[in-house]
K.L.:
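Questions regarding the structure given below will be posed in turn.
A quick note: this is a predicted structure, and the numbers were derived from the prediction, not measured. Numbered from 1 within each chain, the chains take letters A, B, ... in sequence-line order.
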Amino acid sequence: MSTHDLIVIGAGPAGMATASKAADLGLTVAVLDEQPRAGGQVYRDVDRVAALRGDILGADYTQGATLTAGLHHQAIEHVPGATVWAIEDGFRVSYTRAGRGAQIAADRILLATGALERPMPLPGWTLPGVMTAGAGQILLKQSGVLAKSAALVGCGPLLYLIAAQMVRAGTPPVAMIETQTRSDLIEAARHVGGALRGWPYMLKGLKMLAEITRAKVPRYPGATEIRIEGTDTAEAVSFVHRGRAHRIACRTVFLHHGVVPNTQAARSLGVSHRWHAGQSCFAPRLDVWGQSDVTGVFIAGDGAGIGGAKAAELAGRLAALKVAEESGRLSTDERDRQAAPLRSAHARELAARPFLDRAYPPFAGALAPEDATVICRCEEVTAGDIRGHARLGCLGPNQAKAFSRAGMGPCQGRYCGLTVTSLLAAANGTSHDETGYYRIRPPLKPVTLGELATLEHSAPDTAE
Amino acid sequence: MKPDSPFLDLETAPRVAVSIDGAPLELPEGANLAAALLAAGVTVFRHTPVSGAPRGPFCMMGACFDCLVDIDGFTRQACMIEVSQGLRIIRPRDLGADDVDA
Ligand SMILES: Cc1cc2nc3c(=O)[nH]c(=O)nc-3n(C[C@H](O)[C@H](O)[C@H](O)COP(=O)(O)OP(=O)(O)OC[C@H]3O[C@@H](n4cnc5c(N)ncnc54)[C@H](O)[C@@H]3O)c2cc1C
Ligand code: FES
């Protein structure tokens with residue numbers, strides 16, 4: 001009882017590109033996204049915001065309008081504001097929209113649910129006023145809300161991007177407390193051989209750094225012993241830089257040390273995942289088309305492994321070709337002919353990644369937090385608690401839930417899962433793959449009885 | 001009196017009346033509720049049931065559940081809601097992450 005040929009979850013670059021390519025090839029597609037407007041994280045709200053703040057956000061943002069335009073296709077049903085909370089075999093997708101439940105179905109499903117900020121448990125990171133850098137960017141992009149006195153803490157291209165945007169907006173950060181070291185950069189250049197391939201990204205980065213430097217934002221690379229101070233809200237960041245202790249007063253702290261695949265939906269479907277050592281995160285196991293080991297389940301974009309917005313778009317088109325071929329809309333020859341240029345462009349995009357991953361590694365102090373630091377924000381479990389469980393024989397994250405409720409709050413481990421795996425692996429001397437990850441079961445997002453009661457089988461206009 | 005907000009608001013949308021803990025407040029219509037509250041100087045959204053620690057928005061993308069508030073009797077993520085006329089927002093002291101409705 002299919003309502004569509006393909007259901008796409010997520011309207012970021014990966015989901016939008018998949019949908020328009022699949023629709024062009026004759027498939028009917030439903031695109032569900034919990035945000036009120038298309039764009040994903042990178043192009044959030046671009047249709048409304050490009051005209052308002054395009055100058056601050058830059059061309060890398062405003063170009064997203066080409067992708068949102070692709071959703072206006074008669075074979076695409078874009079359902080904004082739809083929070084997907086269950087995907088069952090077959091595939092039946094349950095979602096909530098404006099307080100009502102609904103279900104649609106298709107033989108094939110593409111997960112384009114993107115990335116999450118890598119958890120950065122530091123002392124004081126639960127204080128109000130401490131947010132992810134991505135959150136800071138969302139505030140700026142979607143709402144035009146700017147932090148007047150923010151310290152940026154962590155590392156990576158996205159941290160420089162938001163700093164440059166804040167400079168352009170007239171509210172430069174009070175400081176950049178950076179966790180990468182000079183030797184990280186040297187290692188990256190030497191071992192990956194990717195300095196050259198990463199050159200376009202390096203240039204962009206250098207341009208952003210020049211903007212940040214011109215604005216005289218103080219930078220503290222190689223910072224250690226970072227803590228956020230405050231009682232009711234964040235008041236300062238203290239850290240050690242070149243052997244000296246510093247304390248910088250601020251009212252907002254934006255944390256970032258990379259993004260990691262959002263694997264919740266894929267895990268709930270039983271897709272197998274493997275530890276990706278270079279990116280220090282779990283990623284789903286996929287073939288060259290983005291097809292997982294669960295038949296009919298495709299994954300594209302940052303949810304498949306961090307590659308950035310351009311790579312997400314290209315992976316989406318590749319998956320669409322495979323889905324069209326499987327549905328009899330395309331011969332394998334034609335599929336492969338169209339795939340070839342996409343595949344080489346995709347490989348070019350990914351070529352710079354190992355270099356970036358090595359130059360801006362996750363902050364060691366947040367991968368192995370001190371005992372007193374809260375690592376599960378929902379249930380307020382500390383790193384010391386998890387280490388204690390390991391001493392009592394706890395081997396994996398699912399067992400840890402029984403010990404301390406870690407990961408049992410509504411965020412379902414989105415901001416503690418990787419930390420718990422790493423802490424248990426370190427304490428038990430096991431690999432990340434051996435240690436494993438939380439078992440994820442629906443509902444992926446909380447759903448009310450009222451919404452369940454209104455569950456209706458929607459009759460979309462685009463179904464044949 | 002409007003508390004001194006750590007945020008600057010570029011939004012120029014017309015304002016509508018809402019209430020927070022019974023006190024009147026004007027927020028830009030259609031704005032993201034969590035962003036609008038931050039811009040209005042509201043930093044603490046709830047206190048945790050475990051330790052009573054204060055919390056405010058962390059991710060702004062519906063993933064962390066730290067922005068939970070009570071709206072017209074339902075526990076909701078403020079970062080996933082748009083401002084509309086007459087919203088009654090309550091910040092209960094012991095709003096647990098487990099009490100979320102949607
Ligand atoms: C907060 C944040 C900000 C970022 N900003 C930038 C940036 O400015 N520049 C840049 O180059 N990269 C940025 N990134 C990196 C980003 O991951 C990629 O560049 C790009 O957005 C990936 O595209 P995607 O299509 O894979 O996923 P995304 O663009 O993340 O899109 C995923 C979509 O899936 C939706 N979704 C997820 N789960 C569900 C569900 N259960 N139900 C319904 N919908 C769901 C989300 O609402 C989202 O719109 C950011 C990442 C994060 C986390
Ligand atoms: S701020 Fe994270 S869910 Fe709203």
K.L.:
What option among B:G56, B:C79, B:G62, B:C59 has the most heavy-atom pairs under 4.5 Å with chain A?
P.N.:
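The residue among B:G56, B:C79, B:G62, B:C59 with the greatest pair count is B:C59.
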
K.L.:
State whether the side chain of A:T382 and the backbone N or O of A:D385 hold a donor-acceptor pair below 3.5 Å, judged by distance alone.
P.N.:
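Flag set: sc A:T382 to bb A:D385 pair under 3.5 Å.
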
K.L.:
Please state whether the side chain, the backbone, both or neither of B:A63 comes within less than 4.5 Å of a heavy atom of chain A.
P.N.:
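Both the backbone and the side chain of B:A63 come within 4.5 Å of chain A.
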
K.L.:
A:Q41 versus chain B, heavy atoms under 4.5 Å apart: side chain, backbone, both or neither?
P.N.:
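A:Q41 touches chain B through side-chain heavy atoms alone.
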
K.L.:
Relative to chain B, which segment of A:W125 carries a heavy atom at a distance below 4.5 Å: side chain, backbone, both, or neither?
P.N.:
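Both parts, heavy atoms under 4.5 Å.
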
K.L.:
Ignoring hydrogens and angles, tell me if any N or O in the side chain of A:E380 forms a donor-acceptor pair with the backbone of B:A53 under 3.5 Å.
P.N.:
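Not confirmed, A:E380 side chain does not pair with B:A53 backbone.
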
K.L.:
Measure A:S143 against the heavy atoms of chain B and call it side chain, backbone, both or neither at under 4.5 Å.
P.N.:
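Both the backbone and the side chain of A:S143 come within 4.5 Å of chain B.
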
K.L.:
Taking 4.0 angstrom as the limit, do A:R405 and A:E379 come out as a salt bridge?
P.N.:
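Counted as a salt bridge, because a side-chain N and a carboxylate O are separated by less than 4.0 Å.
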
K.L.:
Identify whether the distance between the nearest side-chain nitrogen and carboxylate oxygen of B:D70 and B:R88 falls below 4.0 Å.
P.N.:
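Answer for the salt bridge query: no.
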
K.L.:
Give the member of A:K445, A:Q137, A:Q264, A:R377 that has the highest number of heavy-atom pairs under 4.5 Å with chain B.
P.N.:
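Greatest number of close heavy-atom pairs with chain B: A:R377.
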
K.L.:
Counting only non-hydrogen atoms closer than 4.5 Å, does A:T126 touch chain B with its backbone (N, CA, C, O), its side chain (CB onward), both, or neither?
P.N.:
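Contact with chain B involves both backbone and side-chain atoms of A:T126.
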
K.L.:
If you define the side chain from C-beta out and look only at heavy atoms, does anything of A:K141 sit under 4.5 Å from A:D45?
P.N.:
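In short, these two side chains do not touch, never coming nearer than 4.5 Å.
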
K.L.:
Would you give the length of the straight line joining atom CG of A:D55 to atom CD of A:Q165, rounded to the nearest 0.5 angstrom?
P.N.:
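That separation rounds to 11.0 Å.
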
